[in-house]
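Okay, structure first, notes after.
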Amino acid sequence: MSLRPLFLGLALLAGCSERPSFDPAKVNAAPIGKGLPRDFLLGTSTAAHQVEGANENDWTDWERGNYPDGTPHIADHSVSGPATDSWNRFDEDVALMKQLGSNAYRFGVEWSRLEPTPGAWNTEAAERYRQWAHTLRAQGIEPMVTLYHFTLPKWVSESGGWENPANIEAFERFSGRVAELLGADVDWWCTINEPNVYAVFGYMDGVWPPGKKDTVATAEVMANLLDAHARAARQLRIHDTWDADGDGKATLIGIAHHVRVFQPASGSTTDVAVAGLTDDFFNESIPKALRTGHISLFVPGSVALERDVPDLKGSIDYFGINYYTRDHLRQDLSPSFSHKYVPTGHDTNDLGWELYPEGLYLFLKRYAAFGLPLVVTENGLDDRSGERRPYYLRSHLYAVEQAVAEGAPVRGYFHWSLIDNFEWSDGYEPRFGLFRVDRSSAELTRRATPAVETFREAARNLGLTPTP
Ligand code: GCO
């Protein structure tokens with residue numbers, strides 16, 4: 001607690017520091033991909049529930065539900081349903097990865113599918129995931145597996161979800177089993193996707209299951225997810241002893257951390273302080289906990305959580321960054337103490353998120369200090385026309401290359417996403433895919449958007465070979 005005034009001081013300084021600005025002419029002229037290290041992972045990301053289809057988990061009921069005022073939980077009234085049917089169309093998706101020339105793919109395993117009731121194990125589903133990992137490796141595509149990406153088996157959510165310590169233990173056991181199942185083909189693991197986003201949406205804003213609005217529970221869940229990460233990491237190290245790619249390491253463990261640039265609306269002390277505190281809670285608390293083994297979460301007037309989880313220290317081999325956008329913050333009296341907005345005239349994607357590639361560069365520079373390899377585990381945009389993704393992709397790869405040129409140890413970039421998919425409370429209207437999915441066709445036909453060519457250019461410049 002005594003360090004808070006220091007953070008505020010730093011926030012004041014951060015508010016005054018200069019922001020970089022990329023020149024679009026330079027971005028367009030850059031030989032994209034040329035400045036990346038030769039062992040770079042250039043791939044795409046998906047999450048189990050968003051693409052597999054036919055899952056039965058805590059989202060299943062939530063998707064059909066409404067808020068007390070009658071508004072549906074999912075903005076466009078859709079339910080995930082068949083999603084992109086990737087459960088049955090994996091080979092088709094692999095062909096798309098080859099068309100991109102990608103050499104890596106981040107996908108999730110669905111806990112509710114593998115362990116539908118406590119302690120049970122769905123051997124058929126397990127075998128399919130094993131084949132996927134095997135196929136990817138055989139095709140020269142490094143698999144990265146996410147253990148938890150927002151969805152819970154119903155038996156977990158119904159027994160208190162991430163608020164119940166018994167479920168952290170259940171996740172620990174699950175992680176060990178997945179390590180045994182996939183370890184022969186998988187070295188790259190991502191334990192938990194975005195603990196901060198999950199906690200804030202599910203427990204502070206109440207827009208994801210379980211739909212609570214409770215700041216204390218938000219911090220508790222974030223801390224429990226970090227604990228779950230540390231335990232999962234331990235299990236992965238015990239049970240995955242195969243060095244699948246022959247680089248001398250059987251496991252490369254990370255967490256996918258969502259970061260956002262919080263820009264104070266003005267130089268006023270209150271705007272700057274709110275941006276600093278938000279940055280501290282949302283961006284900084286997780287990497288700090290991973291560095292020190294101590295979790296410290298602070299929300300003025302409601303949360304002052306301090307907890308030692310010594311195993312967090314040393315639990316990661318790489319730090320995963322999910323980066324999308326920048327928020328401008330003006331101090332107000334809402335529970336988060338701020339009003340978030342995008343100033344008029346700033347470019348946004350179709351969900352209204354500001355396009356700010358310089359932010360990715362800033363975070364890669366910031367987290368270079370971690371002393372560990374960095375991987376961009378997600379980055380992308382909702383672009384319903386498909387016309388703006390080429391520049392988005394190019395400018396964010398440019399950001400990566402700028403950071404690499406200045407010494408940031410970036411090992412990979414995974415674009416979100418391979419294909420359009422179920423975008424949580426926004427349903428199917430958003431389009432994040434390099435390949436568009438035609439939802440009106442029974443085959444859920446995938447079609448290349450213009451950014452596929454940009455991706456292929458980067459892949460070729462990196463020395464990879466996209467299929468024709
Ligand atoms: C997240 C997730 C993804 C999203 C993507 C686009 O950041 O919420 O990791 O599941 O689909 O980020 O919003």
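Order of appearance sets the numbers: ligands from 1, and atoms from 1 within every ligand. Just the heavy atoms: all of them, side chains too, but no hydrogens, waters or symmetry mates, feed the values below.
Side-chain atoms of Arg137 come within 3.5 Å of backbone N or O of Asp185 as a donor-acceptor pair. Judged by distance alone, the side chain of Thr325 and the main-chain N or O of Glu354 form a donor-acceptor pair under 3.5 Å.
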Worksheet item: Can you list the steps and then say if Asn55 with Arg113 is a side-chain hydrogen bond (donor to acceptor under 3.5 Å, both in side chains)?
Response: CA-CA 7 Å; Asn55 280 321; Arg113 202 186 268 282; 3.1 Å; yes
Worksheet item: What do the steps show when you test Glu63 against Ser80 for side-chain hydrogen bond (donor to acceptor under 3.5 Å, both in side chains), and what is the final call?
Response: CA-CA 7 Å; Glu63 288 164 17; Ser80 56; 2.8 Å; yes
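For residues 97-108, the pairs satisfying salt bridge (Lys or Arg N to Asp or Glu O under 4.0 Å) are Arg106-Glu378, with sequence neighbours left out.
Taking a heavy-atom cut-off of under 4.0 Å, ligand 1 is surrounded by Gln50, His149, Phe150, Asn193, Glu194, His258, Asn322, Tyr324, Trp353, Glu378, Trp416, Glu423, Trp424, Phe432.
Note: Phe40 and Tyr413 fail the aromatic proximity criterion, with ring centroids not under 6.0 Å apart.
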